Amino acid sequence: MREFEGKTAVITGGASGMGFAMAESFARVGMNIVLADVEVGALKEAAERIEALAVTAVPVQTDVADEADMDHLHDVVRQRFGAPDILCLNAGVAGGGGQTDLLTTKDWKWAIDVNLYGIIHGLRVFLGDMRESDAGHIVVTASVAGLTSFPGSLPYNATKHAAVSIAEGLFSELAEAGSGVAVHCLCPGVVSTNIHNSDRNRPKELQNTPADEQPRSEEFAGFMERLYEDVSKPHEVAELVFRAIVDGQFWIQTDGFYRDAIAARHRSIENDTDPPARGSIISVYSD
Ligand SMILES: NC(=O)c1ccc[n+]([C@@H]2O[C@H](COP(=O)([O-])OP(=O)(O)OC[C@H]3O[C@@H](n4cnc5c(N)ncnc54)[C@H](O)[C@@H]3O)[C@@H](O)[C@H]2O)c1
């Protein structure tokens, strides 16, 4: 896709982090922006900032895990703009992390509801329209956690492996059908966003009791704060996404830190050897 002006981008999780940065970059080339997010205050503020770029911004309060909310989002988009030209299935949460035997069903459910069902509902409501228009781009936000398997965040990993698989499977399905709809799989490493504070959007019914909560050390919080100074920034990721859309590139990786880990995993699969042992997703930065 090379012509953007007057076309429409729909971005879930568009009120913060990479979603907002993608919205900004699409707005800068004159696209209408539909921001779908569960966090009302941030959503309103994000829409105001996008409108200041002299394009139409439509905020739609949406819980991507909720079937009815996603149906409503679809109705709004269809009535105002028709099929999306760019659909970013991006909303996501860090999910419950920690030692696996101490995780609760609520930890697993929260991650799966947002990170996986968000994509499932997004495709359910928009893919048909996009296939009918035979054009457009679907950007699935997965993670390096979908290409390797880090310890200490199994619910998150599982949803991101599913996201990669959905993007790859959809790519093949559309290619086989000769469809004009393109698919991209965004696999960021650590990016300085608000994801470390995902709990702000954790639904009440999926919150753990204090007794079930796994402690997070002060040391870890301080490390994350320092780490954010050194890692990719959301606007850099948005630039990569934009280039991938222009160039028709499927994989979008944000840094080279994980390439060895991904290659080692693939070798272990090819050679029937044990998965390579490794530290957490942030351990590559502490070496
Ligand atoms: N930041 C990272 O290091 C990193 C790395 C790899 C992948 N990712 C992925 O990037 C995507 C964007 O996250 P981010 O890092 O920009 O974090 P972020 O917290 O800054 O943004 C996530 C957005 O999703 C929204 N959201 C959360 N739950 C929602 C729900 N149920 N329905 C609708 N919106 C909801 C939040 O309100 C927020 O606006 C996520 O899918 C995340 O898993 C992030």
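Throughout, numbering of the chain's residues begins at 1 and tracks the sequence. Please read all numbers here as calculations on a predicted model, not as lab measurements. Just follow the structure's listing: the first ligand is 1, and inside any ligand the first atom is 1.
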Counting heavy atoms only, name the option from Pro203, Ser192, Gly92 that's nearest to atom 22 (C) of ligand 1.
-> Gly92
Among Tyr156, Tyr228, Tyr117, the residue with a heavy atom nearest to atom 8 (N) of ligand 1 is Tyr156
Per-atom contacts of ligand 1 with Glu39, taking only distances under 4.0 Å to non-hydrogen atoms = 37 (O)
Polar proximity ligand 1 side, Val114 side, N/O cut 3.5 Å exclusive = no
Ligand 1 atoms in contact with Arg200 (distance to a heavy atom under 4.0 Å) = 18 (P), 19 (O), 36 (C), 38 (C)
Do any heavy atoms of Gly189 fall under 4.0 Å from ligand 1?
-> yes
Asn90 heavy atoms within 4.0 Å reach ligand 1 at atoms 11 (C), 12 (C), 40 (C), 41 (O)
Which one holds for Asn194 and ligand 1: side chain close, backbone close, both close, or neither close, with close meaning a heavy atom under 4.0 Å?
-> both
Out of Gly13, Gly95, Ala42, Pro188, who gets a non-hydrogen atom closest to atom 24 (O) of ligand 1?
-> Gly13
From the options Thr141, Ile11, Thr62, select the one whose nearest heavy atom is closest to atom 9 (C) of ligand 1.
-> Thr141
Looking at Val93, which atoms of ligand 1 are within less than 4.0 Å of one of its heavy atoms?
-> 27 (C), 28 (N)
Any N/O of Asn115 closer than 3.5 Å to an N/O of ligand 1?
-> no
Numbered in order shown, the ligand 1 atoms found under 4.0 Å of a heavy atom of Gly17 are 16 (O), 20 (O)
Are any of the N or O atoms of Asn201 closer than 3.5 Å to those of ligand 1?
-> yes
Select the closest option to atom 31 (N) of ligand 1 among Asp63, Val60, Val38, judged by heavy-atom distance.
-> Asp63
Side-chain donor-acceptor contact under 3.5 Å, Asn208 with Thr104 = yes
Return yes or no for this condition: an N or O of Ser198 is under 3.5 Å from an N or O of ligand 1.
-> no
State which residue, out of Thr12, Asn115, Asn90, fulfils the side chain to side chain donor-acceptor pair (under 3.5 Å) condition with Thr141.
-> Asn90
